[in-house]
Amino acid sequence: MQAKALPGFRDFYPADLALRAHILHTWRAVASRYGFEEYDGPPLEPLELYTAKSGAEIVGQLYNFTDKGGREVALRPEMTPTLARMVAARANGLKKPIRWFALPQLFRYERQQRGRLREHFQLNCDLIGEPGPLADAELIALAVDVMRAFGLGPGDIKVRLSDRRVLRTLLLASGVTDQQLPAAFQAVDKIERAERRALAEPLAAAGMTAGTIDGVFAAAALRGLPAVEAALARAPGGEETGRPLRRVVEALGAMGLGEFVEVDLTIVRGLAYYTGTVFELFDAGRTLRAICGGGRYDGLLEALGGVDLPAIGFGMGDVVLAELLRERGLVPADVSSIDVFVAAISEQDVPEVLALAHELRDAGLRVEYALTTQAVGKQLRLADARNARAALVIGPDDRARGQVMLKDLRGQGQEPVDRTQVVERLARMAAVV
RNA sequence: GUGGUUGUAGCUCAAUCGGUUAGAGCGCCGGACUGUGGCUCCGGAGGUUGCGGGUUCAAGUCCCGUCAGCCACCCCA
């Protein structure tokens with residue numbers, strides 16, 4: 001067998017790359033609409049950038065090695081530490097709120113599965129310096145509008161929205177202690193993937209009573225803002241705690257995006273650093289992994305970069321998104337095509353073919369011609385396979401008359417055109433998309 | 001990293017109970033067709049049946065190992 005790409009890494013054939021380019025172009029276009037500016041950092045970083053705050057066990061999922069200078073380095077698994085460093089270095093000079101996005105290729109060493117490789121491209125959007133709920137709504141709206149730009153509507157994808165402060169308040173009201181909160185968060189996070197009995201076991205082991213455990217499951221079962229607010233009304237300080245979540249939902253509703261949003265407290269996100277709003281985007285049938293996930297991380301920039309700024313961000317990978325687009329038939333067709341194919345009748349016509357092809361290319365058209373002398377029919381078959389919209393056929397007779405034959409390959413007709421007018425004629429045709 | 005499952009041509013698949021030289025469609029190359037594409041017809045190339053070992057007169061088929069894909073767990077920055 002021939003050498004293949006490493007497990008979890010992809011070869012992009014032209015059709016694959018066309019889809020990837022479509023995704024990256026759309027990401028850039030929508031982020032720009034929101035006034036976000038693109039930045040980037042190195043794909044290779046010091047290992048300690050990722051281990052300093054997360055601990056050594058994370059090394060197991062990093063592509064890390066010692067470079068020739070003896071430095072411990074890692075391929076970037078996420079963008080946030082790089083972002084934190086860059087923002088911290090110029091924090092005083094950057095106008096707030098900072099709206100930045102990046103399209104990094106990220107790497108993680110773990111066993112691959114469908115929708116989950118060892119390498120992927122990710123749209124990373126962060127809004128830094130604004131703690132209020134309107135910033136949260138702005139960022140979620142950006143994620144939703146990316147979906148809409150791909151042609152996906154509220155029947156295709158949903159935003160599952162939660163707020164860790166809300167969940168925390170409800171859990172505390174049920175009798176969960178501060179020490180028990182991490183265990184309770186973890187149980188809520190897994191509630192859809194595990195049996196209730198299996199989840200209750202560690203909670204009991206953490207010292208919770210049966211009644212408190214019931215309270216944990218009750219909070220996780222709440223769906224929709226009214227149900228969550230009703231539960232909050234019975235918790236100390238609940239009304240106050242629920243205000244940001246309500247504002248986020250209302251703002252998204254005002255933007256006309258309310259149909260996409262589902263309040264669901266089981267969205268916890270694994271990361272310990274989220275402090276408030278958290279959300280994930282899923283396909284409506286929930287057959288695929290999350291398309292996008294993010295949340296508010298108000299303490300993280302200080303921990304990573306030493307600058308205390310509130311922030312909210314999300315990451316959206318290309319792998320699950322591409323699967324969804326393929327599934328829904330939203331992949332742009334006809335990705336490769338040329339404008340003009342220039343065919344020679346005889347070998348004596350080749351110099352004229354070369355001259356004309358070059359003039360057309362100078363005019364910005366996409367042009368191909370046969371690289372060996374071959375029958376006209378064969379050249380036109382190649383033109384057809386290339387999705388050319390027109391062919392120019394040049395033979396001795398045409399040259400003698402100072403003309404070329406222009407064939408419309410999307411239709412059937414053909415007509416002689418003066419050699420002096422060909423370039424202008426075709427340039428005009430190509431301009432009409 | 002753990003457990004399960006699947007590997008046949010570029011792609012999608014076939015091959016009876018273990019039995020002759022592993023086939024088909026699509027795609028690709030060439031021809032019919034030296035002044036005209038799509039269609040059609042004809043021909044061709046392309047396989048260490050993922051890889052290695054074992055059982056057997058005989059292995060794509062059975063057994064073991066390994067690699068890879070998929071599924072679940074772990075994790076999801």
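Letters A, B, ... are given to chains in the order of the sequence lines, protein chains preceding strands, and every chain is numbered from 1.
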NA contact type, [X], heavy-atom cut-off 4.0 Å: base, sugar-phosphate, or nothing?
X        : answer
A:Pro77  : base
A:Gln379 : nothing
A:Gly411 : base

Pairwise [atom1] distance for [N] and [M], with rounding to whole Å:
N      : M      : atom1 : value
B:rU16 : B:rG7  : P     : 14 Å
B:rC74 : B:rC63 : P     : 31 Å
B:rG3  : B:rU61 : C1'   : 26 Å
B:rG27 : B:rU40 : P     : 9 Å
B:rA45 : B:rG23 : C1'   : 16 Å
B:rA24 : B:rA9  : P     : 15 Å
B:rA58 : B:rG43 : P     : 38 Å
B:rG18 : B:rG60 : C1'   : 11 Å

Would you say the base of B:rC71 and the side-chain of A:Arg111 have a donor-acceptor pair closer than 3.5 Å?
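Answer no: no donor N or O sits under 3.5 Å from an acceptor.
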
For [X] and [N], what is the distance between atoms [atom1] and [atom2] respectively, to the nearest whole Å?
X        : N      : atom1 : atom2 : value
A:Glu110 : B:rC70 : CD    : P     : 13 Å
A:Met79  : B:rC76 : CE    : C1'   : 19 Å
A:Leu382 : B:rU36 : CG    : C1'   : 14 Å
A:Leu371 : B:rC29 : CG    : P     : 14 Å
A:Arg118 : B:rG1  : CZ    : C1'   : 11 Å
A:Arg389 : B:rG37 : CZ    : C1'   : 17 Å
A:Gln414 : B:rU36 : CD    : P     : 10 Å
A:Arg108 : B:rC74 : CZ    : P     : 16 Å

Most 5' of A:Gly293 and A:Gly115 on RNA chain B, judged by nearest nucleotide
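Mapping each residue to its closest nucleotide by heavy atoms, the 5'-most match is A:Gly115.
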
Show each protein N/O and nucleotides 5-7 of chain B N/O combination with a separation under 3.5 Å, one pair to a line.
none

Check every atom of B:rC76, B:rA68, B:rG37 against the side chain of A:Arg116 and return the nucleotide holding the closest atom.
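Of B:rC76, B:rA68, B:rG37, B:rC76 is nearest to the side chain of A:Arg116.
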
Would you check if A:Thr51 and A:Glu72 make a side-chain contact, meaning some heavy-atom pair closer than 4.5 Å?
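Result no, sub-4.5 Å side-chain heavy-atom pair not found.
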
Shortest non-hydrogen contact between A:Asp298 and A:Ala311, atoms and distance:
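Result for this residue pair: OD1-N, 3.1 Å.
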
Test side-chain contact (heavy atoms from CB on, under 4.5 Å) on A:Ile267 and A:Phe282 and set out the steps.
CA-CA 11 Å; A:Ile267 297 301; A:Phe282 284 88; 4.1 Å; yes

Here RNA chain B, pairs taken as Watson-Crick or G-U under 3.5 Å and shown with ( ), [ ] when crossing and | when to another strand, reads (((((((..((((.....[...)))).(((((.......))))).....(((((..]....))))))))))))....

Applying salt bridge (charged side-chain N to carboxylate O under 4.0 Å, His left out), name anything that partners A:Arg381, two or more places apart in sequence or on another chain.
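Checked A:Arg381 against salt bridge (charged side-chain N to carboxylate O under 4.0 Å, His left out); zero matches.
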
For residues 11-28 of chain A, which residue pairs qualify under side chain to side chain donor-acceptor pair (under 3.5 Å), counting only residues two or more places apart or in two chains?
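Every side chain to side chain donor-acceptor pair (under 3.5 Å) pair that includes a residue of residues 11-28 of chain A, provided the two are not neighbours, is A:Arg28-A:Glu38.
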
For [X], check side chain to side chain donor-acceptor pair (under 3.5 Å) against everything at least two apart and list the hits.
X        : answer
A:Asp408 : none
A:Asp349 : A:Ser346, A:Arg399
A:Asp145 : A:Tyr34, A:Arg148

Please confirm whether the shortest side-chain N or O distance from A:Gln113 to OP1 or OP2 of B:rA72 is below 4.0 Å.
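Yes, because at least one side-chain N or O of A:Gln113 sits under 4.0 Å from OP1 or OP2 of B:rA72.
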
Under 3.5 Å donor-acceptor pairs involving side-chain atoms of residues 420-429 of chain A, not counting sequence neighbours:
from	atom 1	to	atom 2	distance (Å)
A:Arg425	NH2	A:Glu415	OE2	2.4

Atom pairs under 3.5 Å, N or O on each side, protein against nucleotides 31-35 of chain B: can you list them with distances?
from	atom 1	to	atom 2	distance (Å)
B:rG31	OP2	A:Lys378	NZ	3.4
B:rG35	O6	A:Asp397	N	3.0
B:rG35	O6	A:Asp397	OD2	3.2
B:rG35	N1	A:Asp398	OD2	2.6
B:rG35	N2	A:Asp398	OD2	3.0

Relative to A:Phe341, does A:Arg386 satisfy both conditions: NZ or CZ under 6.0 angstrom from the six-membered ring centre, and within 45 degrees of the ring's axis?
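Ring-cation test returns no.
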
Applying ring-ring contact (aromatic ring centres under 6.0 Å, His included), can you list everything that pairs with A:Tyr39, at least two apart in sequence or on another chain?
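A:Tyr39 satisfies ring-ring contact (aromatic ring centres under 6.0 Å, His included) with A:Trp100 only.
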
What pairs with A:Phe9 under ring-ring contact (aromatic ring centres under 6.0 Å, His included), at least two apart in sequence or on another chain?
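Partners of A:Phe9 by the ring-ring contact (aromatic ring centres under 6.0 Å, His included) criterion, ordered by chain and then number, come out as A:Tyr63.
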
Can you pull the salt bridge (charged side-chain N to carboxylate O under 4.0 Å, His left out) pairs that have at least one residue in residues 118-127 of chain A, sequence neighbours excluded?
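Matches after skipping sequence neighbours: A:Arg10-A:Glu119.
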
